[in-house]
Amino acid sequence: MRIEELREEEFVCGSFACAGCGAILAVRLALKVLGPETVVVTTPSCLLGVTTFYPQLAFKVPCVNVPFPATAAAVSGLVAGLRRKGRENVRVLGIAGDGGTVDIGLQALSGALERGDRFIFLCYDNEAYMNTGGQRSGSTPLGASTATTPVGRGAKGEDRPKKDMLRIVAAHNIPYAASASIGYPADYIRKLEKAVKAGGPAYIQVLTPCPPGWGYRSDLTVHLARLAVQAGQWALAEYEEGAWRVKEVSNPRPVREYWALQKRFAHLLQESGGEG
Amino acid sequence: MIPVLPTPHLSSRTGAWRMLRPVLEAEKCNGCLVCWLFCPEGSIRRENGSVSIDLDYCKGCGICARECPRRALRMVEEASFMGEGGGKLA
């Protein structure tokens with residue numbers, strides 16, 4: 001799908017998302033691909049907080065708000081209900097942040113993947129619990145400073161590597177799983193189209209930089225989403241019919257270039273004297 | 001029985017958040033739509049080979065100006081538009 005072919009109509013608009021929010025951009029593009037015959041299911045997260053603050057409703061498609069661990073369980077229920085009503089043409093899109101997917105939402109997601117329901121699950125990964133003040137999640141990368149993994153005497157930021165959620169999801173042998181980045185919109189849109197066509201559960205984890213959470217100027221969101229891939233900090237991977245494909249980086253960048261733009265990694269450069 | 005209600009779109013105008021305003025130099029724009037694609041708010045409109053900006057919703061994040069391959073957009077202090085709708089609550 002080329003840019004010109006994307007729908008002009010906006011399906012999420014007028015939200016309270018921070019200026020330069022990567023998550024709202026990921027959801028905006030996803031809904032442009034999925035179209036108006038979509039039901040969104042989402043959970044307490046930045047996305048819910050900025051789109052459905054009563055009486056505001058920034059979605060133009062139906063949006064179901066459910067408890068934190070229940071996104072994928074509610075998705076399953078909706079899929080079953082729509083099937084019973086003969087409305088299987090309606091797409092069900094579960095959306096949760098990284099905390100609501102890799103930590104709190106994991107059990108319900110695993111169940112829904114196992115049942116093989118036809119739905120799309122979009123995890124917007126901003127690499128911490130940003131809605132509540134930037135506490136670390138299972139998806140926080142090694143070394144990142146967060147509210148609960150601060151940097152100070154004896155503390156050097158997150159001390160555990162990022163959870164490999166894509167492989168956990170793929171281990172359910174679902175038809176389609178992929179990681180994407182808003183810095184590579186053509187790749188992201190192509191993956192969304194594949195998710196729509198998958199005959200069963202499809203999972204996409206998209207990297208969505210967060211200006212206040214990562215500590216950078218709001219105009220750098222897309223640049224950082226691209227740089228993360230070029231610096232080897234995020235892979236554009238795809239799991240389809242049992243096989244993996246990973247996009248090769250043709251123009252690799254040094255990782256310190258990626259770190260240097262974000263406050264959450266500032267201490268790493270100080271330690272290494274800027275030589276990274 | 002819970003009634004099934006239509007979903008109204010009740011958006012919030014966020015133009016008043018803006019500190020910097022994107023200004024388009026139309027003669028530099030070739031309508032590539034990169035700004036339209038990357039605007040998180042969907043506040044850029046496609047228009048016959050070019051674009052226009054919906055200032056009711058633009059939060060002034062600056063992604064459009066940063067990503068424009070032809071540097072056709074630049075960010076200007078919102079305060080400098082005082083008297084022509086700048087700095088007013090949207």
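Convention: sequence-line order gives letters A, B, ...; per-chain numbering from 1. Scope of the values below: all heavy atoms of this structure, side chains included, with no hydrogens, waters or symmetry mates.
- The parts of A/Ala17 that come within reach of chain B are both its backbone and its side chain, each placing non-hydrogen atoms under 4.5 angstrom from that chain.
- Interface remark: B/Glu41 contributes backbone and side-chain atoms alike to the contact with chain A (heavy atom separation under 4.5 Å).
- A/Ile3 touches chain B through backbone and side chain together, each having a heavy atom under 4.5 Å away.
- Put simply, NZ on B/Lys28 and SG on B/Cys68 are 8.5 Å apart, with the number rounded to the nearest 0.5 Å.
- Of the atoms belonging to B/Tyr57, it is side-chain heavy atoms, and not backbone ones, that fall under 4.5 Å from chain A.
- Between A/Phe16 and A/Phe53, the two ring planes are perpendicular [angle over 60°; tilted spans 30° to 60°].
- When heavy atoms are compared at a cutoff of 4.5 Å, A/Arg226 approaches chain B solely by way of its side chain, counted from C-beta outward.
- Interface residue A/Cys21: only backbone heavy atoms are found under 4.5 Å from chain B.
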* Chi angles and distances behind the side-chain contact (heavy atoms from CB on, under 4.5 Å) call for B/Glu47, B/Val51 -> CA-CA 5 Å; B/Glu47 249 169 33; B/Val51 292; 5.9 Å; no
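- With respect to A/Asn65, the side-chain hydrogen bond (donor to acceptor under 3.5 Å, both in side chains) criterion is satisfied by exactly one of A/Thr42, A/Thr51, A/Thr52: A/Thr52.
- When each of B/Gly62, B/Gly31, B/Pro40 is scored by its heavy-atom pairs under 4.5 Å with chain A, the top score falls to B/Pro40.
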* Apply side-chain contact (heavy atoms from CB on, under 4.5 Å) to A/Lys247 and A/Tyr184, showing your working. => CA-CA 11 Å; A/Lys247 186 185 165 78; A/Tyr184 289 83; 4.1 Å; yes
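- Only the backbone of A/Ile182 has a heavy atom closer than 4.5 Å to any heavy atom of chain B.
- The residue among A/Glu10, A/His223, A/Glu8 with the most heavy atom pairs within less than 4.5 Å of chain B is A/Glu8.
- For B/Cys32, the part sitting under 4.5 Å from any heavy atom of chain A is the backbone (N, CA, C, O) and nothing else.
- A/Thr140 and A/Glu127 are not linked by any side-chain donor-acceptor pair at a separation below 3.5 angstrom, with hydrogens and angles left out of the test.
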* Please assess A/Tyr216 against A/Thr221 for the test side chain to side chain donor-acceptor pair (under 3.5 Å), listing each intermediate value before the final yes or no. => CA-CA 8 Å; A/Tyr216 67 86; A/Thr221 296; 2.9 Å; yes
